[in-house]
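To start, the structure itself, in C-alpha cells.
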Protein chains: 2
Amino acid sequence: MLKEERLQKIIEQIAQDNKVVLDDLSRLLNVSTDTVRRDIKELSDKGLLKAVRGGAIIGSPVHPHFKERQHIDTHHKKVIAQKALEFIKPGQVIILNGGTTTTAVIAALPRDINLTVVTNSFPVVSILEDYPHVTVFFIGGELNKHAYSTTGHETIEAIRNFRADVCLMGICSIDLKLGLTGFTYQESLVDRAMIETSKYVIALSTYDKIGASDPYYVCAANAIDVIVTEKDPSTTDLSGFKEAGILIK
Amino acid sequence: MLKEERLQKIIEQIAQDNKVVLDDLSRLLNVSTDTVRRDIKELSDKGLLKAVRGGAIIGSPVHPHFKERQHIDTHHKKVIAQKALEFIKPGQVIILNGGTTTTAVIAALPRDINLTVVTNSFPVVSILEDYPHVTVFFIGGELNKHAYSTTGHETIEAIRNFRADVCLMGICSIDLKLGLTGFTYQESLVDRAMIETSKYVIALSTYDKIGASDPYYVCAANAIDVIVTEKDPSTTDLSGFKEAGILIK
DNA sequence: AAATATATTGCATAATATTGCAATGTGAAA
DNA sequence: TTTCACATTGCAATATTATGCAATATATTT
C-alpha cells in the first residue's frame with residue numbers, strides 16, 4: 001500500500017470517528033506503529049489532525065494552510081528561533097508581524113509560558129490557540145491571502161493602540177544605510193507601525209538578507225536593537241551595525 | 001481510551017449536568033480517582049471548568065468548544081445554510097459573527113462569488129482564504145480560544161467602522177418578548193454591534209432555539225428581519241414573529 | 001543500465017508521559 | 001477538637017514517543 005493511501009485512510013478514519021488509535025491503524029494498514037506514528041506526525045504538521053498520546057483526534061477548524069509547519073522547520077529558522085527566545089521574558093507584551101520566521105519563534109515557545117501576544121498573523125494564532133497562558137490580541141484589517149495576515153488602514157490604527165515590550169520582526173532586507181526595507185507596500189507600513197509602538201525591536205533575519213534592499217522603506221537601521229541571524233556573531237563581519245549600537249546575535 | 005476522549009467526556013458531563021463527581025467519573029471512565037483529579041486539574045487550568053472538592057462545576061458559562069459544536073446538528077445546519085444563501089447577493093457587504101452555523105453558510109457559498117465579508121471568526125477566514133473574489137475584513141480583538149473568534153472593546157469599535165448590507169447572525173436563543181439573548185457577555189456585545197451596523201439582519205437558528213432565552217441580552221426581536229430555521233415555515237407556528245413583521249424561512 | 005541520491009520503513013534504545021498507589025497534608029463538618 | 005473525606009506529593013510501573021541507525025525501496029542523474 002502506498003504511503004499516500006495510508007494517509008488518506010487515516011484522514012477518513014478521523015472524519016468518521018473523530019479519533020484514531022495507533023494500534024488499530026497499525027493493524028488495519030499493516031505497518032509498524034512507528035510508521036503510523038510518523039504518518040500521524042506528518043498529517044499533524046499539515047494541520048489535518050491533532051496528534052495525541054496513543055493516536056490522534058480531529059484538528060481545529062482552522063485551514064490547514066495556516067498550520068502548514070514545513071516551511072518553518074528549516075534549520076536556519078530553528079536556530080534563529082532558538083536564539084530569539086532569550087529575549088522573550090514571561091509576562092511581556094510581544095508584537096510580531098506575519099512571516100515564517102516569526103511563526104517559527106512562536107512555535108518554539110514553551111507551551112506553559114505566560115505572555116501577551118499581539119499579531120496580525122493567522123498562523124501565529126493557530127499555534128497559540130492552545131497555549132493556556134498566552135493572551136492573544138489579533139490585529140484586524142483586510143485579509144492578505146498570500147501572507148496569511150491582515151494589512152491596511154484598520155491594521156495600522158489598531159497597532160497604535162498597543163505598546164509592546166518587544167517587537168519580533170521577520171524582515172525582508174536590512175542595510176546599514178538604506179535601513180529596513182520590505183517587498184510589499186502594505187506590509188512595510190504594518191512593520192513600521194509595529195516598530196514604532198515597541199520598546200525593543202528584534203529583527204530576525206537570515207544572514208543573506210543583510211546588506212540587501214527591497215523597494216519599500218520601513219525604518220532606519222538604528223531603530224533596530226538586535227539582529228538575530230543563524231550565524232555565530234563572532235564569525236560574521238557586521239562591525240558597521242555594531243558601531244551603530246545594534247547588538248548582533 | 002485516549003486521554004483526550006476522557007477530557008472530552010468530562011466536558012460533556014459538565015455541559016449536561018453543570019457538575020461532575022470524582023467517583024462517578026472514575027467509574028464511568030475506568031480510571032482511578034487520581035487520574036480523574038488530574039484530568040480535572042488540566043481542564044481547570046484551561047479554564048473549561050472550576051475544580052471543587054469532590055469534583056468540578058461549570059466554570060464560566062461553558063461554551064462548548066467550536067471543535068465539538070461543529071459536529072452537532074450538521075444536517076440542520078446545512079439546510080439552514082442553503083436557505084440563507086438566497087439572501088446573499090453578489091457585490092454585497094456581509095457581516096457575520098462566529099459560530100458553527102454562520103461557518104456552514106460560508107462553506108456553502110459558491111467558490112466564485114464576489115463578496116465583501118466582515119467577520120471576527122477564524123474558521124470563516126480559513127474557508128474564504130481561497131475564494132478568489134471574496135474580500136475579507138477581519139475584525140481584530142482578543143482571541144477567544146473556545147469560539148475561535150475575537151471579542152472585546154477593540155472588536156466592538158472595529159465593527160462600528162463598517163456598514164454591512166446583510167448581517168448573518170448565528171444565534172443562541174430568540175424569544176418574541178425577551179428578544180435575542182446569548183450565552184456569553186462578550187459575544188452578546190459583538191452580536192449587538194454587528195446588528196446595529198447592518199441594514200438587514202438574518203438570524204440563523206435551529207428551531208429549538210426559538211422561544212428559549214439565555215443570560216445576556218443582544219437586541220429586541222424586531223431588530224431582526226428574517227429568521228431562518230431548518231423547518232418548513234408552513235409547518236411551524238411562529239405567527240407571533242410574523243405579526244411583528246419578521247419573515248420566517 | 002549503472003550509479004547515486006533520496007525516501008521509506010522497522011528496530012533498538014533512550015527519553016518522556018501517564019497512571020495508580022501509598023504516605024502525608026489539609027479543610028470542613030460534627 | 002476530632003474525624004473523615006478529599007487533596008497533594010513523591011514514587012514506581014507501564015505505556016508511549018523520539019531518535020539514530022541500518023536495510024530496503026524508489027527516484028534521479030550520468
Side-chain angles (χ1 to χ4, degrees), chain A residues 1-11 13-14 17-59 67-79 81-82 104 107-113 127 130-133, chain B residues 1-11 13-14 17-59:
Chain A
M1 181 185 296
L2 297 175
K3 185 181 148 197
E4 297 306 321
E5 289 184 77
R6 285 202 318 266
L7 298 180
Q8 190 51 45
K9 291 217 185 220
I10 294 173
I11 298 285
Q13 282 273 313
I14 286 266
D17 301 339
N18 290 355
K19 68 151 190 173
V20 288
V21 180
L22 270 176
D23 291 336
D24 294 352
L25 286 176
S26 166
R27 234 171 296 120
L28 182 74
L29 306 169
N30 283 311
V31 289
S32 72
T33 55
D34 297 78
T35 301
V36 176
R37 189 171 294 116
R38 274 183 281 232
D39 287 350
I40 284 179
K41 170 132 191 6
E42 196 173 326
L43 294 169
S44 158
D45 287 345
K46 286 187 187 162
L48 272 53
L49 45 71
K50 183 166 159 59
V52 298
R53 205 182 166 79
I57 57 175
I58 190 159
K67 300 210 136 189
E68 184 79 57
R69 298 288 169 87
Q70 283 168 4
H71 46 300
I72 67 172
D73 254 9
T74 67
H75 182 64
H76 284 175
K77 289 194 180 132
K78 278 186 184 169
V79 173
Q82 213 54 48
L109 286 173
R111 286 185 57 83
D112 58 348
I113 194 170
I127 292 172
D130 39 26
Y131 278 50
H133 304 300
Chain B
M1 183 186 296
L2 297 175
K3 188 180 109 185
E4 275 65 22
E5 289 183 83
R6 282 202 322 263
L7 299 180
Q8 181 52 45
K9 291 211 192 235
I10 294 174
I11 296 287
Q13 282 275 314
I14 285 265
D17 302 339
N18 290 356
K19 65 158 192 176
V20 288
V21 180
L22 273 177
D23 291 336
D24 294 352
L25 285 176
S26 166
R27 232 171 300 118
L28 182 73
L29 305 169
N30 282 310
V31 289
S32 73
T33 55
D34 298 77
T35 301
V36 175
R37 191 172 291 117
R38 274 184 281 232
D39 286 351
I40 285 178
K41 175 158 190 340
E42 197 173 327
L43 293 169
S44 155
D45 286 345
K46 286 188 190 163
L48 294 172
L49 46 71
K50 186 166 157 52
V52 297
R53 262 183 102 75
I57 56 172
I58 198 160

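Source: prediction; values computed, not measured. Just so we're on the same page: letters track the sequence lines, and every chain starts at 1.
Counting to the nearest Å, the C1' atom of D:dA7 and the CD atom of B:Glu42 are 18 Å from each other. Here C:dT8 presents its C1' atom at 12 Å from CG of A:Leu7, a figure rounded to the nearest Å. Rounded to an integer number of Å, the gap from CG of A:Asp39 to P of C:dT9 is 7 Å. The interatomic distance linking B:Asp34 (CG) with D:dA7 (P) rounds to 10 Å, in whole Å. Atom CG in B:Asp24 sits about 11 Å away from atom P in D:dC6, given to the nearest Å. Counting to the nearest Å, the P atom of D:dA27 and the CD atom of A:Glu4 are 12 Å from each other. Distance CG (B:Leu2) to C1' (C:dA17): 14 Å, rounded to an integer number of Å. Atom CZ of B:Arg38 is separated from atom C1' of D:dG10 by 11 Å (rounded to the nearest Å).
Residue whose closest nucleotide on DNA chain D sits further toward the 5' end, between B:Asp23 and A:Gly55: B:Asp23.
Interatomic distance, CG of A:Asn30 versus CG of A:Leu25, reported as 11.5 Å (0.5 Å rounding). A distance of 9.5 Å separates CD1 in A:Ile10 from CD in A:Glu42, rounded to the nearest 0.5 Å.
Closest to the side chain of B:Ser32, out of C:dT19, C:dG20, D:dA7, is C:dG20. Ranking C:dG10, D:dA7, C:dG20 by closeness to the B:Thr35 side chain, first place goes to C:dG20.
The backbone N or O of B:Val31 sits less than 3.5 Å from a side-chain atom of B:Ser26, completing a donor-acceptor pair.
Test A:Val20, A:Asp34, A:Leu22, A:Leu7 against A:Asp39 for side chain to side chain contact (heavy atoms under 4.5 Å, CB included) and you get one pass: A:Leu7.
Residue contacts shown for A:Val52 are limited to sugar-phosphate atoms, with no base heavy atom under 4.0 Å away.
Between B:Glu5 and A:Lys19, at least one side-chain nitrogen of the basic residue sits less than 4.0 Å from a carboxylate oxygen of the acidic one, meeting the salt-bridge criterion.
When the side-chain nitrogen and oxygen atoms of B:Arg6 are compared with OP1 and OP2 of C:dT19, one or more of them lie within a distance under 4.0 Å.
Applying the 3.5 Å distance criterion, the base of D:dA7 shares no donor-acceptor pair with the side chain of B:Arg53.
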